[in-house]
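Take a look at the structure below.
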Amino acid sequence: MCPICGERDYTEFRYGGDATKPRPSRETADPKVWHDYVFLFDNPKGLHREYWQHVLGCRQWLVLERNTATNEPGESRLARMDVVTCEGEPK
Amino acid sequence: MRPRYSALSLLRHAVAETPWPRAWRVPDPKPTYDVVIIGGGGHGLATAYYLAAHHGIKDIAVVERAYIGSGNLGRNTTLVRSNYVLDGNTQFFEYSMKLWEGLSHELNFNVMLSQRGQIVLAHGPSQMDVLARKGNIMRLNGIDAELLDRGEVIKLLPYLDHSGEARFPICGGLFQQRAGTVRHDAVAWGYARAADSLGVDVIENCEVNSFVIDGDRVRGVNTTRGRISAGRTAIAVAGHSSHLAAMAGLRLPIESHLLQAFVSEPIKPFLDHVISFGAELFYISQSDKGGLVFGGHIDGFNSYTQRGQFPKVQTVAECAVALIPSISRLRLLRHWAGIQDMTPDGSPFICRTPLRDLYLNGGWCYQGFKATPAVGWCFAHTIANDDEHPLSRCYSLDRFARGRELDDYGVGNWTYKQ
Amino acid sequence: MTRGPSRVSTGGRVDRSRPVEFSLDGRSMRGFHGDTLASASLANGVTLIGRSFKYHRPRGFLSAGSEEPNGLFTLGEGGRREPNIPGTTTYIAEGLSARCQNGWPSVGLDFMSVNSCVAPLLAAGFYYKTFMGPTRGAWMFYEPFIRRAAGLGRGSYERDPDRYETRYAFTDVLVIGAGPAGLTAALTAGRAGARVILVEQDLLLGGSLLLEEATGPAEAWRQHIEMEIKSLPNVEIMRRTTAQGLYDDGTVVLVERREHLRPDPTKGEARQIVTTLRTRAIVFATGAIERPLVFANNDRPGVMLASAVRSYLNRFAVACGQRMVIVTNNDSAYSTGFDLARVGATVIIADLRREIDQSLTARTEALRIELVLGSAIVDVLGRKSVKSVIIAEAPRLSNASEHTRPAKGRKVDCDLVCMAGGWSPVVHLTSHGGIKPRYREDIAAFVPGGYARGQFGAGALGGSFGLGAAIREGIEAGRSAAASCGRNMPPNQLSVLAPNIEDAVAQERYRIEPIWHLPHRRRAKAFVDFQNDVTVKDLTIAHQEGYTSVEHLKRYTTLGMGTDQGKTSNINAFAIMASLRDVEIPATATTTFRPPFTPIAIGALAGRTLGRHFRPTRRSPLHDWHLNHGGEMIEAGLWMRAWWYRWAGSDVGSAYIEEMRLVRNSVGISDISTLGKIDVQGPDAAELLNRIYVNGFAKLLVSKARYGVMLTDDGAVLDDGTTTRLSEFRYFMTTTTAQTGEVMSWLEFLLQTAWMDLQVHVTSVTDEWAGMVISGPKARAALELALPGHDVSNATLPYMGCLEIDLDGVPLRLIRLSFSGELAYEVYTPADFGVRLWEHFLTRAAPLGIRPYGLEALASLRVEKGHVAGLELDHRNTLDDLGLGKMASKEKPFVGCELRKRPSLQSSDRWSLVGIECLESEKRLRGGSILFAAAESIEGHGRGYITSVTWSNELEKFVALGLYQGGLIHEGEQIVCAYPLKGEQVKARIVAPMFLDPTGERLRV
Amino acid sequence: MFDRKSAIVGAMSPHGCNGADGHRRVRIGEAIGWDLVQIAAFAATSLELESTLRSIFRLDLPTNTGEVLNAGDLRLLKTGSEQYWIVIPDGDDLLRDLVVSVRPDVGAVTSLSHSRTRIVVEGSAARDLLAKGIALDLHTDVFVPGRFAQTGLHHTPVVIYRSGPSRYELFAMRTFALSVWEWLIDASLPFGYEIVAVGRDPLA
Ligand SMILES: Cc1cc2nc3c(=O)[nH]c(=O)nc-3n(C[C@H](O)[C@H](O)[C@H](O)COP(=O)(O)OP(=O)(O)OC[C@H]3O[C@@H](n4cnc5c(N)ncnc54)[C@H](O)[C@@H]3O)c2cc1C
Ligand SMILES: NC(=O)c1ccc[n+]([C@@H]2O[C@H](COP(=O)([O-])OP(=O)(O)OC[C@H]3O[C@@H](n4cnc5c(N)ncnc54)[C@H](O)[C@@H]3O)[C@@H](O)[C@H]2O)c1
Ligand SMILES: Cc1cc2nc3c(=O)[nH]c(=O)nc-3n(C[C@H](O)[C@H](O)[C@H](O)COP(=O)(O)O)c2cc1C
Ligand SMILES: [Zn+2]
């Protein structure tokens, strides 16, 4: 399900990993923060928020809620509207 | 003492019609054990066996939430091989291969190691160079390997698509004769029977729900059949490592992904080798029962459902036909999926954890079946000595923090692409 | 009196006016249009049609449907040969040739039947207990014998000449199964206005209605409903189409088989069509399958399911025998008895129950059927066909175990045995999504454990084994399914759907007494799974040894693992195991139902995605030119690239050397259209580049290009390439051919998930621009010839400079970059102009001797120059490994800048980029060689390896790039390049990875 | 000036092939002689870009992705929340005008004229043909004529525009176009097909 293009086949999308981990700000110099962001996963059995890109469609990155125990998809939103996941990027 | 299995005992039982004894007992969990191993897959059972057989620890329970072998052990494509290129991987998987070679005898259970040979195909000169590097490393580590040119592949595997129609022409391959397949279920049963006869309690239908944690120390587990205290606790739950780790408050470098497997209807001998396509991830062999057993890449997103997506079924069928055009008319009988721990570098963990007396074996990605005996061997050592075994020292949890990834295929830091 | 099966003269639903010739085991036979291979064989008196898997016992047809375990044939010849095809679901067509399986030399005379004699040794799991000695590798000796004995039919090694298709479809309501329940569901949903697809695996619609006489009221009703459905434009009927699997997200996979139409592949006619259907609602109306009873020798040819015998009679006009004994534990078998009695067969019914319904007794009497209540068959006599049976008193309870001694019985001559062990709803698809079936005590069967949202069930599937119920439930399910898609229908429109035909067909109250296993002699075999030869004895052994969970039972005995997936056998086995374990059946549950419902040709799943079209081919705008001008092509990912050209030699090995010579000495032109190209625009474009490249981009001037490297977050190298600033806010980025998609997605990811504040937009323009590089000392002269009137002097277009010009209305981007180490220009033009521009350069610069050069030379020139690419740009390598550490900016953070500092990545022991020159003139260097220090023992993992090699014309030796522990610390040292695969060792030396022009004079001229 | 050479020109010889039932139920051809420009706003400039475009075109822009605005021989497709494709006959000066009118700090203007190959498929079997490769519900009530979608065909990205009840245009990636073309021809075999050079004036 793409919020822009509507219901689409899953082959049009590409998975992009856990969307609950906020990307550390660029200035973050703490290797542990980066290590945890890059390498560790909650990997829950149940509700999961994750990135998908509509690669064969509008090419937007989405945040999808899905139940990993049933694969039942929930709501999806454009990633750029999903401010919760992102630490502000000081310029 | 269990009666030994042999042709003679088979005959004796057939004639006298005496009933066979149970292969392993059905014990109720005791309140406490020296070691509790969570997960009755190949890894858990092998670990229990080697602990009991080689480390003198006999007071062990293997707790399994369903039936033994119900996880990936029972649903994998059964390939065993030792063609790895990175220092650490090469030795570990070759050690496993050596253990396989003696396993039926060691367990007195025929696990049907069939060293029919595996050919990994190359479809271009740079792939040939990658295989050459791998083959050279294997030879330099005492592992058999042969580089085949196009003509040699045609001779060995004439039924592959060598025609001008092939989208990715085959230009050669790497052959490991000692590679092959093992009867997967027999591994569970063989280890269980052998471990059981050394006193290990194999407890089925017993799911671990939480750990008993005391400060920074794990003292046992709570299960659907009550609390079991343990001197040491070991996790060997394949696709569920994160789930178990979370119970102990740990986050792991693991995502759980679906890998599908496929079997055709049984036919007379059709493929005498294990063949791996080089253009995409696809591998195929024939089971002794006659079914063509094949598989491909993970579905590509994390899931615990144990059932796959149909587009992947098609992708895999496309690979099958691209590689072996005459497979077209043979029929897919059944397909299923397993839940795989995928790690950012495609390599596993056999190690201690930040909690004392809690040990982890997981993150096996595609390769845990072939690793089973060596996992048992090394993990048993780790548990018994509270220290990593030299062969598995590279499989630590902190390797990412240290920058010591072991990315044997050079895929890069994507769990879902590894 | 004839014995065995034969065609009856009237009735049936075959078309007697259309005879069809086919052959069975080389014998020519005749059947009618509408016959299956099974019905036609039976009509020709054939009962023995195969040998069993393990014991090679003679076997005949058990069923008349897709659940058939025994009647498997090899069809066709050559590339069309197809093993293990059930005769019960194969419609005969002119010229069909079928062969029986698993008998040698023939199924009549099968030498392997000796296996039967050693049967006690072959019991469940025997191979786990033996074949282990005398040596450790003993299994390798035994395995070929086992393999040869296993397997059913034989596959072909020839290419399948037939055509398959795949397609997508969408609907509101999918109705699976066209029995009375499915028909009414489809009609109802259709009338409500929903888009409906009705699938039926059979050629005819009607399901169990087809068991009824072909002239009765049920048939009239069936035809009426079919006509009604056909009149609705919004309902699509797909016959001969099996719903094979239910997948996530309302996806159902349908497979349509058209082989009976003799499709012609040259006309594009497909043999099978796979449809991926997305549906909003599903009505499951898959009916139920009759199951056998378990007694001694219940596998003999002539022992069949009662419903199958009825189907052969009423649908195909074949009487399966003249003297039949029916053994049943429920009511449903009586209609078979009634119908066969009507056509003159002698019928005896042995009912395991002691009491039955009055109406049944009355009708048996009327038809002179002998009814023996409370009795069972305890043995079948005859080997290749049924000769007689022993009928004895039935056991009282359902927990009869193997060792109950059968009571003394009476011997009855007969040529047909009908088994009626009750009905198993076809719950397969309902549980593919993970819903476990539920056991219903009253009907002794598993029914769907529930339905997910938008899913409905009707008819026998849910355990409603009566016609009236099937119709009522069908209507209700159709209505609910339509309603769940927003199509509501007033209930008063429903009445017309169900003319009251309930009285017309035999009123069946379904009563069953679940007796799973009848007592038998110790040594006799009572089969549970016919295809895999699993007997009660095997279940007993599995039980003794502790393989008692149904899943272990399955895997230990192979129960239910055949082509029929246990459709007729599983439930009996589970029930028997439950009684052995002394637990209730629900406690044992079922094994997991997995797709497909029936086996699917692998070729059908692949569809047209095969051969050359296995994956799409990506072609440069210059592709045809290469082909027409002696270019040899090579696959590079999805791309085809020009590898080398015939002008330069007759094979790649000689040609690339000549092409390199051309570039080093005069001028060559090469196609680089495959490079990834990204248009980066916006006020913050510079900032974006500055963040993702390790080196600074903020200060890049307009009309200047810069080489850049990007990392992933973990600090490994992702890609390299050059980016050119076209104007203040606009950049032209190039990426390596291999990483294009990855880089594009990565930029989008960062912009859309993390750096939303950046005013930048990225677009892939890989396909928009054709690219070519003109390289060599005479490159500028070539440009001057080709672009008269444009100033391309060193001053106007210096090294790393860019010039956008208009060549007579055609825009060109000239970027002066060098991969080869020579004076070189990348020239980009909109793709449709690519060939013309390329030809333009070749003609205009012809006086200079310009020629095309290919990928091999391109890649080799850069090796000589020490540029990394391909195998060096491996995801394992860091900037420092590639000798590019100095590029990393210290002034700014960039992607990957933190994690690249992890301790081990900084270690001086890392394998890093070196040049290697060959020291033995008669030997060559090879990619994939492992490197060792001189005099070190040649074993283990060495100190590195060779990534790329080329012959250097300039140095007259092989030179290579590689990774070596410690890298250039070892410059000048002698090493050994080992290639044990060919038994080679070559002496070489570590040098700087730059074999010519280290100061870069050539490219700056 | 050089002539433009289409990606599938080599495959364009007009010919046909009868289907199994003797008919030719699809016509396939390439539309040439057009330009394609993409205009996209930046994160903060979508409103400004919209008003710029409105003032250039003097028309209301489509509001939803997948909607198309036809104005004379110009066609404007809304391909994203802040992104448009404009298809115009080639040689039209509009591209130049746009580059000038859309300030570089307001929107990104990218010419994609050569990056796509425009294939027209029409006929009674057109929908069935496309359903073999496109995972979209092409039912007329759902994929209404006049709308378009960005989707995939044979593993490659395509834009499919439904220009009539049984007429579709595919914008295939240029480098994949021949593959897509070959795929279409092969898939058409059972329906019967006629290859027609659609030529210029594709917007008629
Ligand atoms: C389709 C597929 C194909 C594969 N092919 C190959 C191959 O060809 N070669 C190869 O080397 N590897 C292959 N693998 C990988 C290999 O199967 C696994 O890595 C390996 O089996 C994992 O180890 P295991 O046998 O111990 O796992 P499992 O058999 O999965 O054992 C883990 C056990 O833990 C139990 N468990 C989980 N949670 C709990 C709990 N809370 N309490 C108690 N018990 C619990 C599970 O029920 C399970 O039985 C494949 C995997 C899949 C899915
Ligand atoms: N007398 C009895 O005890 C008894 C028992 C069972 C059924 N019945 C009779 O069966 C009828 C029940 O009607 P119903 O409509 O529920 O079932 P049905 O058996 O009449 O029809 C089911 C249909 O579904 C088809 N089917 C099954 N799986 C399929 C798949 N995966 N893909 C495509 N098609 C598939 C079958 O081929 C069959 O035509 C009633 O008439 C009832 O009297 C009677
Ligand atoms: C190597 C191998 C061979 C198999 N062969 C068969 C087979 O011949 N027939 C069959 O029905 N299933 C076969 N299976 C699949 C199992 O039936 C089962 O689907 C699989 O073990 C997963 O378990 P599940 O489906 O119960 O979840 C095979 C599985 C494996 C791993
Ligand atoms: Zn989208």
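Computation of the quantities below employed the complete heavy-atom set of this structure, encompassing side-chain atoms and omitting hydrogens, waters and symmetry-equivalent molecules. Chain letters run A, B, ... following the sequence lines, proteins first and then strands; every chain starts at 1.
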Before accepting this row, confirm whether a basic side-chain N of the pair Glu17(B)/Arg523(C) lies closer than 4.0 Å to the acidic partner's carboxylate O.
->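 Here Glu17(B) pairs with Arg523(C) in a salt bridge, since their nearest N and O are under 4.0 Å apart.
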Mutual orientation of the aromatic rings belonging to [X] and [Y] [parallel < 30°, tilted 30-60°, perpendicular > 60°]:
X: Phe270(B); Y: Tyr157(C); value: parallel
X: Phe310(B); Y: Tyr247(C); value: tilted
X: Phe614(C); Y: Phe277(B); value: tilted

Kindly say whether Thr130(C) contributes a backbone atom to a donor-acceptor pair with the side chain of Asn110(B) at under 3.5 angstrom?
->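 The answer is yes, because a donor-acceptor pair under 3.5 Å joins these two groups.
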Side chain of Asp160(C), backbone of Ser326(B): donor and acceptor closer than 3.5 Å?
->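 Not at all, since once roles are kept as given, no pair shorter than 3.5 Å links the two residues.
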Is a donor from one side chain sitting under 3.5 angstrom from an acceptor on the other, for [X] and [Y]?
X: Arg167(B); Y: Thr617(C); answer: yes
X: Arg183(B); Y: Tyr127(C); answer: no
X: Arg159(C); Y: Ser328(B); answer: no
X: Arg22(B); Y: Gln544(C); answer: no

Measuring heavy-atom distances to chain B, does Thr592(C) have an atom under 4.5 Å in its side chain, in its backbone, in both, or in neither?
->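 Contact with chain B: backbone and side chain both.
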Contact origin within Leu899(C) toward chain B - heavy atom pairs under 4.5 Å |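 Leu899(C) has no heavy atom closer than 4.5 Å to chain B.
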Checking side-chain contact (heavy atoms from CB on, under 4.5 Å) for the pair Glu318(B)/His613(C): CA distance, chi angles, key distance, verdict?
-> CA-CA 10 Å; Glu318(B) 289 159 9; His613(C) 296 292; over 6 Å; no
If you count heavy-atom pairs under 4.5 Å between each of Val949(C), Leu638(C), Ile946(C) and chain B, which one has the most?
->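 Option with the top pair count is Leu638(C).
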Is there a side chain to side chain donor-acceptor pair (under 3.5 Å) between Asp248(C) and Gln309(B) once you walk through the steps?
-> CA-CA 7 Å; Asp248(C) 288 339; Gln309(B) 307 297 304; 2.7 Å; yes
Glu143(C) vs Ser114(B), side chain to side chain donor-acceptor pair (under 3.5 Å): CA-CA, chis, key distance, verdict = CA-CA 8 Å; Glu143(C) 189 189 36; Ser114(B) 171; 2.7 Å; yes
Cation over ring, Arg133(B) on Tyr945(C), under 6.0 Å and within 45°?
->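 Output yes; distance and angle both within limits.
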For Asn413(B), is it the side chain, the backbone, both, or neither that has a heavy atom closer than 4.5 Å to a heavy atom of chain C?
->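 For Asn413(B), heavy atoms of backbone and side chain both lie under 4.5 Å from chain C.
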